[in-house]
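Down below is the structure, laid out as structure tokens.
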Amino acid sequence: MRIGSWNVNSVRTRLTQVLAWLEQERPEVLCLQETKVDDERFPAEAFEALGYACAISGQKAYNGVAILSRLPLEDVQIGFSALLPGDAEAERLEEQKRVISAWIDGIRVLNLYVPNGSAVGSDKYGYKLEWLACLRCYLEAQERQGEPLCMLGDFNIGPEDRDLPDPQRLTGGIMASEPERQALRELLGERLHDVFRVFEPGSGHWSWWDYRSGAWERDQGWRIDHIYLCEELLACATGCVIHRATRGQTQPSDHAPVVVHLAWPPDDEEDEQA
DNA sequence: ATGGCTTAACAATTAAGA
């Protein structure tokens with residue numbers, strides 16, 4: 001079983017590339033962020049034609065998340081309120097469409113688009129920290145449900161200096177400030193693990209390259225798109241790959257897909273050879 | 001370089017991303 005995450009920076013602008021990648025890779029699940037389209041205009045038919053069911057939570061122009069699945073897509077939950085009913089903060093944060101989950105083949109797949117935060121100390125930075133605090137509460141409620149969890153998406157945080165191209169210059173700034181990193185560590189707790197780091201401890205592995213300043217040509221990226229697994233799923237992980245070639249295409253997204261390979265369900269012999 | 005590029009919205013510029 002393979003589960004991918006890709007910030008596509010507009011699903012309509014990127015549709016041809018996403019379809020081509022799906023046809024080539026055929027992951028069981030692909031989670032999208034920054035779809036930038038309301039639900040009525042989401043190109044579901046194009047994905048359904050390739051055998052993918054769609055769960056979507058979008059809005060006009062900004063944000064927007066979706067889960068595409070070749071396996072049955074069940075119990076779709078949208079927003080923080082799904083697990084925090086009556087919580088005023090969860091409802092307030094619902095205005096921006098950044099949270100969707102689904103039950104797929106015995107796994108709770110949680111797809112997130114964490115706010116960017118603009119600049120340290122700005123209003124948007126405050127919003128980002130509030131959003132992360134709400135996510136922590138959401139995850140505590142999720143843990144009480146007892147479902148195996150795969151949480152993935154665009155976290156807009158470089159968790160450690162090895163996830164940044166120039167730590168000396170960038171540490172402390174947006175996406176690398178201690179409050180953001182601490183908020184992320186706290187919501188992960190002892191329960192959730194960055195599966196990419198199980199297989200690759202080194203620096204120089206990026207998932208996002210700025211459109212500006214020739215960041216791609218100079219390979220000055222960040223690793224801000226992550227896949228986190230609970231212990232039960234982590235024990236089944238056989239690999240985690242960043243598909244960086246997509247970033248080198250014409251008119252690319254600034255993010256590349258990240259894919260985890262799981263021998264799941266645990267008794268599935270076919271997956272264990274992956 | 002409070003810069004650089006790309007997208008959506010709207011119809012020439014602005015907001016936002018990260």
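These values consider heavy atoms only, across backbone and side chains, with no hydrogens, waters or symmetry-generated copies. Predicted, not measured: the structure shown is a model, and the values here were computed from it. Below, read A as the first sequence line, B as the second, and so on, with proteins coming before strands; counting in each chain starts at 1.
- Put simply, A:Lys60 has no side-chain N or O that comes within less than 4.0 Å of OP1 or OP2 on B:dA9.
- For A:Thr13 and B:dA8, the shortest distance from a side-chain N or O to OP1 or OP2 is below 4.0 Å.
- By the side-chain hydrogen bond (donor to acceptor under 3.5 Å, both in side chains) test, A:Thr35 pairs with no residue at all, sequence neighbours left out.
- In this structure, A:Trp209 belongs to a hydrophobic cluster whose other members, linked by side-chain heavy atoms under 4.5 Å apart, are A:Trp206, A:Trp216.
- With side-chain heavy atoms closer than 4.5 Å counting as contact, directly or through intermediates, the hydrophobic cluster containing A:Leu50 also holds A:Trp6, A:Val8, A:Val11, A:Leu15, A:Val18, A:Leu19, A:Trp21, A:Leu22, A:Leu30, A:Leu32, A:Val37, A:Phe42, A:Phe47, A:Tyr52, A:Ile56, A:Leu68, A:Val259.
- Sorted by first and then second residue, the salt bridge (Lys or Arg N to Asp or Glu O under 4.0 Å) pairs involving residues 5-26 of chain A (not counting sequence neighbours) form an empty list.
- A search for ring pair (Phe, Tyr, Trp, His ring centres under 6.0 Å) contacts involving A:His193 returns nothing, not counting sequence neighbours.
- The salt bridge (Lys or Arg N to Asp or Glu O under 4.0 Å) pairs that include a residue from residues 231-254 of chain A are A:Asp219-A:Arg244, where partners are two or more places apart or lie in different chains.
- Applying the salt bridge (Lys or Arg N to Asp or Glu O under 4.0 Å) test to every pair with at least one member in residues 193-215 of chain A, sequence neighbours left out, gives these pairs: A:Asp163-A:Arg197, A:Asp194-A:Arg223, A:Asp210-A:Arg212.
- Listed by residue number, the members of residues 171-182 of chain A with any heavy atom below 4.0 angstrom from DNA chain B are A:Met175.
- Residue pairs meeting the salt bridge (Lys or Arg N to Asp or Glu O under 4.0 Å) criterion with at least one member in residues 49-60 of chain A, sequence neighbours excluded, do not occur.
- Of the residues in residues 128-136 of chain A, none has a non-hydrogen atom less than 4.0 angstrom from any atom of DNA chain B.
- Screening residues 67-101 of chain A for ring-ring contact (aromatic ring centres under 6.0 Å, His included) gives A:Phe80-A:Trp131, A:Phe80-A:Tyr138 as the qualifying pairs, with residues at least two apart or on separate chains.
- Taking a 4.0 Å limit (strictly below) on heavy-atom distances, residues 201-223 of chain A reaches DNA chain B at A:Trp208, A:Tyr211, A:Arg212, A:Ser213.
- A:Arg14 comes within 4.0 angstrom of sugar-phosphate atoms only, judged by non-hydrogen atoms across all strands, and of no base.
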